[in-house]
Amino acid sequence: MITDARVFQDEFVPSDVVHRDAEINYLSSTLRPITDGDPIEPVCLFGPSGTGKTCLARYTVEQLREEVIDLNTQYVNCWEDHSRFKTLYRILDGIGKTLNIHRQSTPTDVLLDRLRDYEGAPYVVILDEVDQLEDKDLLYDLRRIRNLNLLLIANDETELFAHLDERVASRLQPCTRISFDTYGDDELASILQDRVRWGLRPDVITDAQLRDIADAAAGDARIAIGVLRVAARTASRNDANAIHEEHIEAAVAEAKAEIKRKTEEKLTHHQQVLYDIITERGEVAPGTLYEAYAERVDDPKTKRTMRNYLQKMEHYNLITAVGNDGGREYHLRG
DNA sequence: TCTCCACCGGAATGCTTGGATG
DNA sequence: CATCCAAGCATTCCGGTGGAGA
């Protein structure tokens, strides 16, 4: 049933990106000066998850590579490499300058100096999930490095800028912005059709079924493709010769559970307890939350630490805090 | 309107950790 | 092996803020 499993992976970048012509054209024309060796202002891609930001960025940069003989590129996911050190290390890695750098013996500023000394070919760095970067000042420093061209990806423009201090924000003001809207069901269904064409035997799934998947994914391409992957996998494990409704239903449930599990994996036990309490109650005031938490764990952390946890979970989009001081309540998200 | 209270979140401080180094 | 050191984590302290009630 599955002829090419790669096309269902999260990292897969298709050779042809559909439904984003305007964005691609705009992005490649913005990157155009690089082909002449000229630097560009940073480019910011904004939009909800699963709208093709990462995919399109990698695709366009890859296209650029085909045109420019001397070009270095690097993709950095700031969720995974969220500290200043790790991000810088990744960036240096892209130009092979990481020799003799160790966590202890090398202060982070040495990494920055080394990057400043870079004299080689134009360098394009994609910083994905840049809002997860802990030290936002790094953006300011990177911005000043010659030959370094930044492509920043984040969910929400206002939220990103709210977390930047004045100095960094004003440095990023002139950046080119490209916004991504959620996919419609039609677009999503046709994206799925392509994946089916590339990765599955013909006639194992109907267009109507693809629309069902698209509908369940609510505009998020990553979820849609994940559901398709799981449905195809279960169908082939059950030796079915086509994907049936029950495969899709199960896959939708599993995909949702998987997302929840993946985010929860990132939490410590204490954070999970807090998350559970909020899940159970739907919404809860700070005082009540702490009492419930302190009752459930053996050695509760302090209130201040709980606030740090909650802040982190809010940043991960697991919960939302409604209201500032006074009548604040924590809600579940998603 | 003033005061008290709960809570937020920044900063400083101390403890732990894990890899480098001699 | 013991030692060293920066990063990460939790805690303490504290100024600031909004809401409830005198």
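Chain naming here is simple, since letters A, B, ... match the order of the sequence lines and numbering starts at 1 in each.
For the pair Arg195(A) and Phe12(A), the cation-pi test (distance below 6.0 Å, angle within 45°) is failed. Relative to the six-membered ring of Tyr140(A), Arg171(A) meets both conditions, a distance below 6.0 Å and an angle of at most 45° to the axis. Under a cutoff of 6.0 Å and an axis angle of 45°, Arg58(A) and Tyr75(A) form a cation-pi pair.
Rounded to an integer number of Å, the gap from Tyr89(A) OH to dG19(B) C1' is 13 Å. If you measure from atom CG of Leu267(A) to atom C1' of dC9(C), you get 16 Å, rounded to the nearest angstrom. Look at NE2 on His270(A): it is 16 Å from C1' on dG8(C), rounded to the nearest Å. Counting to the nearest Å, the C1' atom of dA6(B) and the CD atom of Glu329(A) are 14 Å from each other. For Arg328(A) and dA20(C), the CZ to P distance is 16 Å, given to the nearest whole Å.
Contact annotation: Lys303(A) side-chain N/O to dC7(B) OP1/OP2 distance is under 4.0 Å. Between Tyr330(A) and dC8(B) there is a side-chain N or O to OP1 or OP2 distance below 4.0 Å.
Under the side-chain contact (heavy atoms from CB on, under 4.5 Å) criterion, Glu283(A) pairs with Glu329(A), His331(A), not counting sequence neighbours.
Side-chain contact between Tyr330(A) and Leu289(A) is present, with heavy atoms from C-beta onward closer than 4.5 Å.
Through direct or indirect side-chain contacts shorter than 4.5 Å among Ile, Leu, Val, Met, Phe, Trp and Tyr, Ile69(A) is connected to no other residue.
Listed nucleotides dA10(C), dT12(C), dC8(B) differ in distance to Thr302(A); the shortest reach to its side chain belongs to dT12(C).
Within residues 304-313 of chain A, the residues approached by DNA chain B to less than 4.0 Å at the level of any non-hydrogen atom are Arg304(A), Arg307(A), Gln311(A), in residue-number order.
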